[in-house]
Amino acid sequence: MFKHIEWAQVRVIAAKEWRERIRNSWVLAVAVIFALFALAIAYFGSAQQGSIGFHGIDVTISSLVSLVIYLVPLIAMILGYDAIVGERERGSLELLLSMPITRFEILLGKYLGLSAALACATAIGFGAGLLPLANQLGTRDFYHYAGFVFSAVLMGMAFLSLSLWLSVVSQDRMRASGMAIGTWFFFVLVFDLLLMGLLVASKGSLSSTVFAGLLMLNPADVFRLLNIFSSQQVQTMYGLATVMPGSLTNPMVLMSIMLGWIIVPFLFANWRFK
């Protein structure tokens, strides 16, 4: 497949998607939102314990994880839901397909351009949010925070891949938007509730291996686990270390599963787009 890709055409499509997001200030707006939230949580993340101020990068990340799980997937779904169906409704898709470019190149170019916009907004936003605290961070803190931001970008790319698939299979933008919000609602809110209900219904008989395997079916949970098991201090805040098998607490294993969430929906989207 990759041997026959005209990468110059992919770059053109990707650059077009990137320019459109820059032109309508989408990247700037999202970056500002992320920066404000990161700074606010760094200072007020421990307010419920009765203390205000920066208490270390581990505490900040543990507070940011819950916020990012809601925000980044939602932005990714909104960003990609009309990537294909929108072009189809405007009539520009037929014009694009009449040119010497394959459907896979169109899909890949759009995905890469949207991913670049999402990654820049995430990295710039969360990076700028901690700039006022730079003098309080050590080298280890910077690496840990960079890993958190990188995992947030990967989760966003996973949900962007899902939204691109929805855009391919949807008949119009209205249905695509409804399916995108429904998908976000399921993975971010409903999935864990269903899992907790299953645990209660099984009366504790559900094995830790099965429980961990079910968590892997949700990219948001994979993101949460990536950040929980990246720090001993964060692990103590969540208490999942006692129920997760060691094979699924390895960051490299979790990273591979997240990459699977990026690749598999994209391949399904490509299959339906042909």
*asked:* Restricting to non-hydrogen atoms, name the atom on Gly80 and the atom on Ser163 that form the minimum distance, rounded to 0.1 Å.
replied: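 Result for this residue pair: CA-OG, 3.4 Å.
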*Looking only at non-hydrogen atoms, find the nearest pair between Met216 and Ile257 and report the distance.*
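Closest heavy-atom pair between Met216 and Ile257: SD-CD1, 3.2 Å.
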*Is atom CZ of Phe268 surrounded by more than 12 heavy atoms (other residues, nucleotides or ligands) closer than 6.0 Å?*
no
_Tell me if the CZ atom of Phe273 is crowded by more than 12 foreign heavy atoms within 6.0 Å._
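Counting other residues, nucleotides and ligands, CZ of Phe273 exceeds 12 neighbours.
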Indicate yes or no for a side-chain donor-acceptor contact from [X] to the backbone of [Y] under 3.5 Å, with no hydrogens or angles considered.
| X | Y | result |
| --- | --- | --- |
| Ser167 | Ala83 | yes |
| Thr102 | Glu105 | yes |
| Asn227 | Phe223 | yes |
| Glu89 | Asp82 | no |

*Residue among Phe37, Phe34, Phe150 satisfying ring-ring contact (aromatic ring centres under 6.0 Å, His included) with Phe126*: Phe34
How long is the straight-line distance from [atom2] of [Y] back to [atom1] of [X], given to the nearest 0.5 Å?
| X | Y | atom1 | atom2 | value |
| --- | --- | --- | --- | --- |
| Phe266 | Leu108 | CZ | CG | 4.5 Å |
| Met155 | Leu226 | CE | CG | 10.0 Å |
| Leu160 | Leu118 | CG | CG | 6.5 Å |
| Ser151 | Arg224 | OG | CZ | 12.0 Å |

Are [X] and [Y] joined in one hydrophobic group, where the rule is that I, L, V, M, F, W and Y side chains link up if heavy atoms are under 4.5 Å apart?
| X | Y | answer |
| --- | --- | --- |
| Val30 | Leu36 | no |
| Leu112 | Val12 | no |
| Leu166 | Val264 | yes |
| Leu28 | Leu71 | no |
| Ile262 | Phe104 | yes |

*Report the C-alpha separation of Phe148 and Val68 in whole Å, then their side-chain angles, then the decisive distance to 0.1 Å, and conclude whether the side-chain contact (heavy atoms from CB on, under 4.5 Å) test is met.*
CA-CA 10 Å; Phe148 157 74; Val68 168; 3.6 Å; yes
*Among all residues two or more places apart in sequence or in another chain, which pass the side-chain contact (heavy atoms from CB on, under 4.5 Å) test with Ile263?*
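Residues passing side-chain contact (heavy atoms from CB on, under 4.5 Å) with Ile263: Leu267.
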_Just to verify, what does Leu189 make a side-chain contact (heavy atoms from CB on, under 4.5 Å) with, not counting sequence neighbours?_
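Testing Leu189 for side-chain contact (heavy atoms from CB on, under 4.5 Å), a comparison that skips the adjacent residues, returns Tyr70, Trp184, Phe185.
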*Go through Trp261 and Ser161 one step at a time and tell me if the side-chain contact (heavy atoms from CB on, under 4.5 Å) criterion holds.*
CA-CA 8 Å; Trp261 270 107; Ser161 187; over 6 Å; no
*side-chain contact (heavy atoms from CB on, under 4.5 Å) evaluation trace for Trp271 with Val168*: CA-CA 10 Å; Trp271 172 66; Val168 169; over 6 Å; no
*Step through it carefully: locate the ring centre of Tyr145, locate the ring centre of Phe142, and say whether they are under 6.0 Å apart.*
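So the answer is no for these two rings.
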*Does Arg272 have any salt bridge (charged side-chain N to carboxylate O under 4.0 Å, His left out) partners at least two apart in sequence or in another chain, and if so, which?*
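None.
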*May I ask you to decide if the ring planes of Phe186 and Phe191 are parallel, tilted or perpendicular, using 30° and 60° as cut-offs?*
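Aromatic pair Phe186/Phe191 classed perpendicular.
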*Considering only heavy atoms from C-beta outward, does the side chain of Leu67 approach that of Leu64 to under 4.5 Å?*
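A side-chain contact exists here, since the closest heavy-atom pair is under 4.5 Å.
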*Under the side-chain contact (heavy atoms from CB on, under 4.5 Å) criterion, do Arg103 and Leu97 qualify, and how do the steps go?*
CA-CA 7 Å; Arg103 291 174 180 260; Leu97 291 173; 3.5 Å; yes
